[in-house]
Amino acid sequence: QFEIGNNSEKRESVLSKLNQIIGRKGRSISGEILKIDCPKKATEAFFGILRDFIEEHCSIRFPNKSLKYSVSIPACFGSNQRREYRLALEGAGIKVDDRFFIDEPNAAFLSWLADDSGQEKPKFQAGAGAKNVLIFDFGAGTCDLSILSVSSKGEMGLKLKNLALSRFSALGGDDLDREIARRFLFPLICERNKIEPDLIPPHVYREHFEPKLQALAERIKIRASNRINRENVSPEDRVLLQLYGPIEIEIPKKWYDRFTGQGVRTVIVPEELALSFGDFEEAIYRFIGGREPAPDPTGEPLRRFFRRLTGARPVSEQSILDLLENVVFKAGIKKQNVDYLLFIGGSSNLRYVQEAVIEFFDEAPEVIIPDDIQTHVSRGVALHSFLSHGLQENPLTEILAEDIYLLVKGGEQLVFKAGTEIPASIAVGSLYKTDRRQREVEFPFLAGSEKRVVARVSTKLPPSLSEDHEITLEAQ
């Protein structure tokens, strides 16, 4: 739910747009608060409002001009996520052909390459041999890796080729914020308010505690990172966050009263929060994969709480080093064949992250850390739009991030291999009916090493088709 506000013109514009996007069969949406009940509606609503702002701005700056879009997308998105992303855009009235999508790390590389090309001695020059670049894009919500091959094209040009994209992982800088919040800030607040952490169910923590504590943890993370980059610190040194007044967290009566009989309780966040650099390093290494988390010092009740809270998120799915191994393997190269390592995204500013990524390589590649590490994705997608729409040149062809399989009798059949340039098409033959009475067939498509279902395609069969007739499926 979100507040629409009381003001006339803007409020009516927003309501009208939201009615258009998510209204059902003529039913209008009204009232001060709009409830969006699924992620797809939320995404469409966001894109719809964003489109209005874009079109309004462009109509003033560039009157009587047609508007065309290019879109960046997390490289780790699987086939089903990309499809849902595109459908959400279309639902908001933004039509984008597949060739105008660009993976975020590749967009960042385009932006950096444009800057580098203006230098007196650019790193990539025509006539030089092919070089492999690993782009490590660690932002707030995703950790995206891609490997590109950069080679000469003619006397002046460069050719860029996608070699591999990392697998999907729900890992981002906000995971580190959540880890600091629940592992260090939450016990401190429980102690100050004389609350047993084990009394708080995980869903109550996520709904009432996490949003406020995560925001505070992010501020602590930024302060700690900046200080680490400026000076040498010891594990005992602390980073302090001073609040301008207390923050209140209201505990819902329905569960607190059940345990204490005291009704609604307000939890107060202290005005000064502190985190040792040893604890900060421990939180980071939880995601780097460099070491196991240290035993929790606050007692068995809190350890049980953490096990309940984090049981659905295994460490193996949250390790940066796993993603590095995955993308190098899919590129079909060895670690020592990576010539350049480009860091992108705000969370790549963390020195511990940079050191862990560099140590992954047997022979360290040349490391590139741009000054404006957080702006290259947005600048790169703008450049991609100019090249693809304006000059009709596509600098990079997108590839599949994971293998795509067709589920058939007897197992899975590989249809598209990870790294296949898209759009792509293939014919799959030797498919037959399993029953003479069968009048419809369903083709389940699976993706990734875990073989998750990403699409189901159904079609009716002609009555004359027998078990001996071969069925050929053309997939794109």
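Remember, predicted model here, so these are calculated numbers, not experimental data. Counting begins at 1 with the first residue of the sequence. All values below were derived from every heavy atom in this structure, side-chain atoms included, with hydrogens, water molecules and symmetry-related copies excluded.
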Quiz prompt | Residues in side-chain contact (heavy atoms from CB on, under 4.5 Å) contact with Lys95, at least two apart in sequence or another chain | solution = none
Quiz prompt | Nearest non-hydrogen partners of Ile147 and Ala331, listed with the distance | solution = CD1-CB, 3.8 Å
Practice problem: Please name the pair of heavy atoms, one in Ile320 and one in Leu171, separated by the smallest distance, quoted to 0.1 Å. | Solution: CG1-CD2, 3.8 Å
Self-check item: Heavy-atom pair of closest approach, residues Pro444 and Arg456
Solution: CB-NH1, 4.2 Å
Quiz prompt | Greater than 12 external heavy atoms within 6.0 Å of Glu191's CD | solution = no
Quiz prompt | Shortest non-hydrogen contact from Phe138 toward Phe136 | solution = CB-CE2, 3.6 Å
Quiz prompt | Pairwise distance CD(Glu355) to CD1(Ile284) - rounded to 0.5 angstrom | solution = 10.0 Å
Quiz item: Are Glu281 and Arg351 close enough for a salt bridge, meaning some N to O gap below 4.0 Å?
Solution: no
Quiz item: Does Asp175 use its side chain to pair, donor to acceptor, with the backbone of Gly172 at less than 3.5 Å?
Solution: yes
Quiz item: Considering all heavy atoms of both residues, which atom of Ser347 and which atom of Gly173 are nearest to each other, and what is their separation?
Solution: OG-CA, 3.2 Å
Exercise. Return yes when atom CZ of Arg238 has more than 12 non-hydrogen atoms of other residues, nucleotides or ligands closer than 6.0 Å, and no otherwise.
Key: no
Quiz item: Looking at Asp103 and Arg82, does any basic side-chain N land under 4.0 Å from a carboxylate oxygen?
Solution: yes
Exercise. Applying ring pair (Phe, Tyr, Trp, His ring centres under 6.0 Å), name anything that partners Phe277, two or more places apart in sequence or on another chain.
Key: none
Practice problem: Go through the steps for Glu104 and Val381 under the test side-chain contact (heavy atoms from CB on, under 4.5 Å), then give the verdict. | Solution: CA-CA 8 Å; Glu104 289 179 358; Val381 73; over 6 Å; no
Quiz item: Is there a donor-acceptor contact under 3.5 Å from the side chain of Ser59 to the main chain of Glu55?
Solution: yes
Quiz prompt | Closest non-hydrogen atom pair, Tyr205 against Ile200 | solution = N-CG2, 3.9 Å
Quiz item: What orientation do Phe280 and Tyr352 show, parallel under 30°, tilted 30 to 60°, or perpendicular over 60°?
Solution: tilted
Quiz item: Are the side chain of Asp116 and the backbone N or O of Lys123 linked by a donor-acceptor pair below 3.5 Å?
Solution: yes
Quiz prompt | Geometric cation-pi criterion Lys131 and Phe124, 6.0 Å radius, 45° cone | solution = no
Exercise. Run through Lys221, Gln214, Arg182, Arg219 and flag the one making a side-chain hydrogen bond (donor to acceptor under 3.5 Å, both in side chains) with Asp177.
Key: Lys221
Quiz item: What distance separates Ile368 CD1 from Ile373 CD1, expressed to the nearest 0.5 Å?
Solution: 11.5 Å
Quiz prompt | Those residues that, when tested against Ile54, pass side-chain contact (heavy atoms from CB on, under 4.5 Å) (two or more places apart) | solution = Leu50, Cys58, Leu67, Tyr69
Quiz item: Where do Glu44 and Arg51 land on the salt bridge (Lys or Arg N to Asp or Glu O under 4.0 Å) test, with the steps shown first?
Solution: CA-CA 10 Å; Glu44 287 183 7; Arg51 190 197 75 169; over 6 Å; no
